[in-house]
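The structure under discussion appears below in the form of structure tokens.
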Amino acid sequence: MNGELMAAEMAEQPDVLARVTARAPADTEAVRAVVPAPLAGVVFLARGSSDNAAVFGRYLAELRAGRPAGLAAPSLYTRYHATVDWGGYLVVALSQSGATPEIISTCRAMRAGGAVVLGITNEPGSALADAVDLLLSTDAGPERAVPATKTVTAQLAVLATVTSALRAGAANGTPGAGAGTPGAGAGTPDAAEGTPGAVGGAQAGGTLDGLPGAVAAVLADPGPVERLADRWRGLDRLVVAGRGLAYAAALETALKVKETTGILAEGISTADLLHGPIAAVYAGAPVLLVDGGGPADTDLDELRALLASRRAQAESLPVPSGLPEAVHVIAAVTRGQQLAYELARARHVNPDAPAHLSKVTATT
């Protein structure tokens, strides 16, 4: 077997995303019903690919809710046994398996500290269900390849719905007050996008309109990735850079490349790249620039010019144009999956079962 599982699961993504977007109005209402009022802030809890999805959620949550958002550190609870007052906070825990021990135990600790905990998983019958106040399923079906693909893009879509529910409640200064308000149409949890005075405005990531079709278009056009993978088959290292919502896509692309090929790939913010790491980007060094279809893309032209002056190999991969920002980023994540898959095949490595990895990593 040589990548058949990963390829099949990538191909399922348009159908999975269609289910998630069709369910968006019901999920929005469920989230509104549990959000603390007033909302103090939002914290995301995850590991691995789910942690990269959490970065996407962290950006959207702060933009849309107008409240602080951040990422939790599980070791504070599993190693340092911290006692923290989480009153007024929403914690969003992401776990594809719903079985990672440190995620479960940290959910319980944060919930005991007063947080409302929302879980997002592909396994609704998992242990995570008993550790949260509300569980949302990615409904992606079984995923057997070790590199997560359809569960990641489904998590991103669910996070867009969750964070739009926060904005709906926060727009009038009363987070959580939106319960009972009719939801947006299927696949459009951000109906207020662009409305004057809406929290986050046009920078809040856009709607999910067209998401299944955008991902289908990426999957139907593997040529740009195949050509780049053929050129880059001999890499030993790779920098993947993006900013804003695209930072999450850069992190996830780098992780997929590492998992499937063993290439030492680093996902980094385009801004952080300039704060020292650019010194390691030498002549001929490969850099993949990920645009997100949003305001943070203004950095990319300047960075391309700098990379050209250093004679680095700067490349980008296309996604369909004219998409809402959140959809553009999810399509870019799919492009990253394609690149990891094609690089693995070009290097004669089976991407379904990378060495030394398992589907569930049971960190504690």
Side-chain angles (χ1 to χ4, degrees), residues 19-46 53-54 56-58 60-69 72 85-95 98 103-104 106-108 110-139 154-193 195 198-200 204-205 207-208 326:
R19 291 196 294 271
V20 171
T21 55
R23 217 184 60 208
D27 284 352
T28 299
E29 293 306 308
V31 174
R32 288 176 182 169
V34 301
V35 173
L39 177 65
V42 187
V43 172
F44 295 83
L45 170 64
F56 177 81
R58 176 255 182 270
L60 285 180
E62 195 159 319
L63 283 166
R64 291 173 168 178
R67 300 294 186 271
D85 179 1
W86 283 102
Y89 276 82
L90 177 69
V91 172
V92 181
L94 300 105
S95 173
I103 300 300
I104 306 303
T106 303
C107 281
R108 289 175 176 149
M110 297 171 93
R111 198 177 179 194
V116 171
V117 181
L118 185 160
I120 300 174
T121 183
N122 197 46
E123 300 293 342
S126 63
L128 185 64
D130 294 328
V132 301
D133 296 284
L134 173 66
L135 191 74
L136 298 178
S137 173
T138 51
D139 195 22
Q155 281 182 336
L156 296 171
V158 172
L159 285 170
T161 299
V162 167
T163 54
S164 74
L166 302 181
R167 185 178 62 182
N172 61 5
T174 55
T181 303
T188 57
D190 300 327
E193 186 68 39
T195 303
V199 175
T207 74
L208 289 181

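Bear in mind the structure is a predicted one, so any value in this text is a computation, not a measurement.
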Item checked: Test side-chain contact (heavy atoms from CB on, under 4.5 Å) applied to F44 and L118, V92, V91, L90, the passing residue -> V92
Check: Does any N or O in the side chain of T106 come within less than 3.5 Å of the main-chain N or O of I103, such that one atom is a donor and the other an acceptor?
Finding: no
Note to self: Under the criterion side chain to side chain contact (heavy atoms under 4.5 Å, CB included), I'd like the reasoning laid out for L128 against C107: C-alpha separation, chi angles, the key distance, then a yes or no.
What the structure shows: CA-CA 8 Å; L128 185 64; C107 281; 3.9 Å; yes
Note to self: Tell me whether E62 contacts the main-chain N or O of P68 through its side chain, where contact means a donor paired with an acceptor under 3.5 Å.
What the structure shows: no
Notebook entry, point to check: Is there a donor-acceptor pair under 3.5 Å between the side chain of R67 and the backbone N or O of A40?
Noted result: no
Check: How far does CZ of R111 sit from CH2 of W86, to the nearest 0.5 angstrom?
Finding: 15.5 Å
Item checked: Nearest heavy-atom neighbours spanning A54 and A46 -> CB-CB, 4.3 Å
Check: What do the steps show when you test T138 against I120 for side chain to side chain contact (heavy atoms under 4.5 Å, CB included), and what is the final call?
Finding: CA-CA 7 Å; T138 51; I120 300 174; 3.9 Å; yes
Checklist line | L60 to A160 - nearest heavy-atom pair and separation | finding: CD1-CA, 4.1 Å
Notebook entry, point to check: D139 versus N122: any side-chain heavy-atom pair under 4.5 Å?
Noted result: no
Check: Going from OG1 on T161 to CG on L156, what distance comes out if it is rounded to the nearest 0.5 angstrom?
Finding: 11.0 Å
Next item on the list: Over all heavy atoms of both residues, which pair between D133 and A115 is shortest? Give the atoms and the distance, please.
Entry: OD2-O, 3.9 Å
Notebook entry, point to check: Between atom CG of L159 and atom CZ of R58, what is the distance when rounded to the nearest 0.5 Å?
Noted result: 13.5 Å
Check: Could you state the interatomic distance from CZ (R23) to OG1 (T28), rounded to the nearest 0.5 Å?
Finding: 10.0 Å
Next item on the list: Of all the heavy-atom pairs spanning A72 and L45, show the shortest one and how long it is.
Entry: CB-CD1, 4.1 Å
Check: Shortest non-hydrogen contact from I104 to A127?
Finding: CD1-C, 3.9 Å
Next item on the list: Might you work through the side chain to side chain contact (heavy atoms under 4.5 Å, CB included) test for V43 and Y89, ending with a clear yes or no?
Entry: CA-CA 7 Å; V43 172; Y89 276 82; 4.2 Å; yes
Check: Under the criterion side-chain contact (heavy atoms from CB on, under 4.5 Å), which of L135, L136, D130, L134 is the partner of V132?
Finding: L135
Note to self: Rounded at 0.5 Å granularity, tell me how far CZ in R64 sits from OG1 in T163.
What the structure shows: 4.0 Å
Note to self: Testing the basics here: between T121 and S95, what is the closest heavy-atom pair and its distance to 0.1 Å?
What the structure shows: OG1-O, 2.8 Å
Next item on the list: Could you grab the distance from atom OG of S164 to atom CZ of R32, nearest 0.5 Å is fine?
Entry: 7.0 Å
